Amino acid sequence: MEAFLCTDDLCRQFGGVTATDCVCIDIEESGLRSIIGPNGAGKTTFINIITGRIPASSGKVFFQGSDITNKPTHELVRMGICRTFQITSIFQNLTVFENVRIARQAHKGGSLKIFSTKRSLKNVSVDTWDILERLGLQDQAHQEAKNLAYGDQRVLEVAIAMAGSPQILFLDEPTAGMSPGETNHISRLIRGLAEEISIVLVEHDMDLVMSISDRITVLHYGSIIAEGLPEEIKTHQMVREAYLGKDA
Amino acid sequence: MMSDITSIPGDRPSAAPIKIFGFAAIFLALAILPFVWDNRFYISLITQIMIYGLLAMSLDVLLGYTGLLSFMHNAYLGIGAYMVGLFLIHVSPTSLWLACLVGVIFTGAVALPVGWVQVRTGGLAFALLTLAFGMMFHTIVWKWYSVTGGDDGLMGVPSPDIQLFRWTVGNTGDPTHIYLLTLVVVAICFVLTRRIIRSPFGAVLEAIRENEERAAFVGINVRRYKLYGWMLACILAGIAGALFILYKGYIGPTTMSAFAGAGVLMMVLLGGMGSLWGPLIGAGIFIYIQDYITTMTEHWEIYLGLVVILLVLFMPTGFVGMGSYLKRMRRN
């Protein structure tokens with residue numbers, strides 16, 4: 001059977017440092033895959049390569065059977081590969097509504113209608129409201145994104161990514177800097193999404209990872225050292241060593 | 001939830017009646033001005049303001065909406081102006097519209113490969129490339145004596161009649177006629193550009209201005225849309241160039257210098273970028289101050305520089321931002 005998304009000996013060097021070292025991964029069509037590892041393990045670099053933010057040094061990425069290695073970002077997004085960023089990346093001076101609306105428009109088309117009004121793209125506006133409601137952002141729709149509370153900005157980032165109707169969504173530390181209440185809100189959201197699409201989560205919060213992941217992949221010095229169900233990873237000897245040192 | 005699809009909130013309604021009324025009032029006032037105020041000097045000055053206003057507005061499309069800085073947008077006014085002038089001199093001295101069409105298309109044809117190179121970069125690199133290309137164009141028109149007249153400029157450009165369908169409605173050599181032609185063309189360009197900026201296409205440009213990487217990660221082909229924005233700005237500049245040569249009957253290489261380019265940038269900043277009408281006001285302030293100071297001293301650049309420094313320090317959002325600035329002052 002053909003894999004949904006997989007990498008084949010994917011490598012990336014920065015100068016002499018190998019940040020991603022011959023990684024082969026298979027990701028399922030739905031469900032929640034977490035990628036964990038100590039600081040500097042190469043988690044973000046790995047998803048940066050897949051999502052087209054930085055080119056691979058060698059190796060391949062396949063999505064639904066076709067080679068997508070080093071394709072331009074916007075083409076990957078059109079294929080349904082979306083992501084969020086570790087450092088919040090939103091359209092600061094646009095309203096929350098406009099943030100999601102432009103992402104939806106980019107997905108649905110109509111960007112070349114130079115003499116039409118924005119509201120003439122009715123489907124885009126309707127979809128945008130659906131997404132805002134689903135994520136609980138509808139009350140802030142008309143605020144400028146920069147005026148949102150930090151936690152809400154993180155949620156907005158997910159909303160923008162969802163507007164691309166992703167088939168696979170990469171979330172880079174979505175809960176970083178969030179309060180427990182906000183973390184709870186977003187983790188329920190992520191879990192819900194994972195029933196429909198494939199989610200790849202890079203996360204430091206171990207409690208969160210262990211409670212919501214279907215499968216976990218552990219990276220250490222750019223290579224996969226373990227992969228399995230949460231219970232398997234919890235007791236995995238090499239994982240414990242990677243996190244706590246050899247004597248643990 | 002959304003039972004009434006026709007009233008989806010979140011989009012600004014298209015132009016409010018008061019704005020349309022305001023625009024129409026200003027247009028009409030300017031249209032009757034030359035008939036009630038017989039001061040040829042000021043009519044001519046306002047013509048110049050409108051032409052540079054159009055150029056500054058076109059730069060605002062780049063700077064205020066796409067987030068790209070062009071140091072020498074005047075180069076594209078110059079290219080349009082030279083081409084229209086050359087066409088009138090060498091091909092047909094009476095074909096006004098054809099000359100303008102050729103000039104604007106030629107401007108676009110030059111801007112396309114330049115833009116293709118420039119959009120591969122962003123930020124400071126983009127700005128430096130505009131300077132590099134602009135200086136090349138400046139040097140070409142300055143040194144290519146046999147075609148452009150070198151530093152003497154392009155002289156003896158004929159003044160064609162303004163023909164609408166079969167009727168001759170005026171002559172571009174008449175200050176009042178060229179004033180009215182400029183007013184109509186600038187007004188049309190303003191309305192069309194405003195419409196474009198508020199379209200789904202304009203929303204893409206704004207997204208690129210706000211966050212280029214994010215724009216790419218929602219599926220926007222950033223380079224392509226930057227190029228579209230660039231072409232729109234350059235074609236508007238080319239239209240301004242066509243008006244310029246018809247108005248002056250002459251163009252010299254200094255119009256395309258980096259110094260003049262900085263002036264256009266100042267117009268945008270003085271007026272306030274990201275509003276389209278701000279740069280039109282900015283052009284008015286700039287050219288009026290320049291003209292006023294010139295009557296007292298020939299070193300007008302020094303005093304204009306001081307005025308600009310003060311305005312940038314104390315009115316960083318330009319004329320457009322003055323409303324909210326005054327409100328804040330009153331509250332304190």
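Reckoned from all heavy atoms, side chains included, excluding hydrogens, waters and symmetry mates. Letters A, B, ... mirror the listed sequences (proteins, then strands); counts begin at 1. In this text the structure is predicted, and so the values were computed from the model without any measurement.
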message: Looking at B:R195 and A:S116, would you say the former's side chain and the latter's main chain have a donor-acceptor pair under 3.5 Å?
response: yes

query: What residue in A:G52, A:A141, A:A145, A:S89 has the most heavy-atom pairs under 4.5 Å with chain B?
result: A:S89

message: Quick check on the structure: residues of residues 69-87 of chain A within a heavy-atom distance below 4.5 Å of chain B, by number.
response: A:T73, A:H74, A:V77, A:R78, A:R83, A:T84, A:F85

Contacts of residues 165-174 of chain A with chain B (heavy atom under 4.5 Å): none

- prompt: Which residues, numbered in order, of residues 225-236 of chain B come under 4.5 angstrom of chain A by heavy-atom distance?
  reply: B:Y225, B:Y228

task: Please report the C-alpha distance between A:K113 and B:S199 in whole Å, then the side-chain angles of each, then the deciding distance to 0.1 Å, and finally whether the side-chain contact (heavy atoms from CB on, under 4.5 Å) criterion is met.
output: CA-CA 7 Å; A:K113 296 194 167 170; B:S199 70; 5.9 Å; no

message: On a heavy-atom basis, which atom in B:A203 and which in A:R101 lie closest, and how many Å separate them?
response: CB-NH2, 3.4 Å

- request: Kindly indicate whether the side chain of A:I90, heavy atoms from C-beta on, has any atom under 4.5 Å from the side chain of B:N211.
  value: no

- request: To the nearest 0.5 Å, tell me how far A:N99 CG sits from B:R214 CZ.
  value: 9.0 Å

- request: Identify the two heavy atoms, one from B:P200 and one from A:G110, that lie closest to each other, and give their separation to 0.1 Å.
  value: CB-O, 3.3 Å

field: chain B contact via A:T128 - which portion, at a heavy-atom distance below 4.5 Å
entry: neither

field: Audit row: A:F115, B:L192, side-chain contact (heavy atoms from CB on, under 4.5 Å) steps and yes/no
entry: CA-CA 8 Å; A:F115 294 122; B:L192 285 182; 3.9 Å; yes

message: So which residue, A:R104, A:E157, A:H107, ends up with the most heavy-atom pairs under 4.5 Å with chain B?
response: A:E157

Region of A:A103 that comes under 4.5 Å of a non-hydrogen atom in chain B: both

- request: Sort and list the pairs that fulfil salt bridge (Lys or Arg N to Asp or Glu O under 4.0 Å) and have at least one residue in residues 41-58 of chain A, not counting sequence neighbours.
  value: A:R53-B:E213

field: Over 12 non-hydrogen atoms of neighbours within 6.0 angstrom of CZ in B:F319
entry: no

query: Are there more than 12 heavy atoms of other residues, nucleotides or ligands under 6.0 Å from atom CZ of B:F21?
result: no

- prompt: If you draw a 6.0 Å radius around CZ in B:R120, do more than 12 non-hydrogen atoms from other residues or ligands fall strictly inside?
  reply: yes

- prompt: Has B:W97 got more than 12 heavy atoms of other residues, nucleotides or ligands less than 6.0 Å from its CH2?
  reply: yes

- prompt: Do you know which two heavy atoms are closest between B:V204 and A:Q105, and how far apart they sit?
  reply: CG2-NE2, 3.4 Å

task: Output the distance between atom CZ (A:R119) and atom CZ (B:R198), rounded to the nearest 0.5 Å.
output: 12.0 Å

message: Quick check on A:F63: does its CZ atom have over 12 non-hydrogen neighbours (other residues, nucleotides or ligands) under 6.0 Å away?
response: yes

field: B:I18 atom CD1, neighbour heavy-atom count above 12 within 6.0 Å
entry: no

- prompt: Which bit of A:L112 is near chain B, if near means a heavy-atom gap under 4.5 Å: side chain, backbone, both or neither?
  reply: both

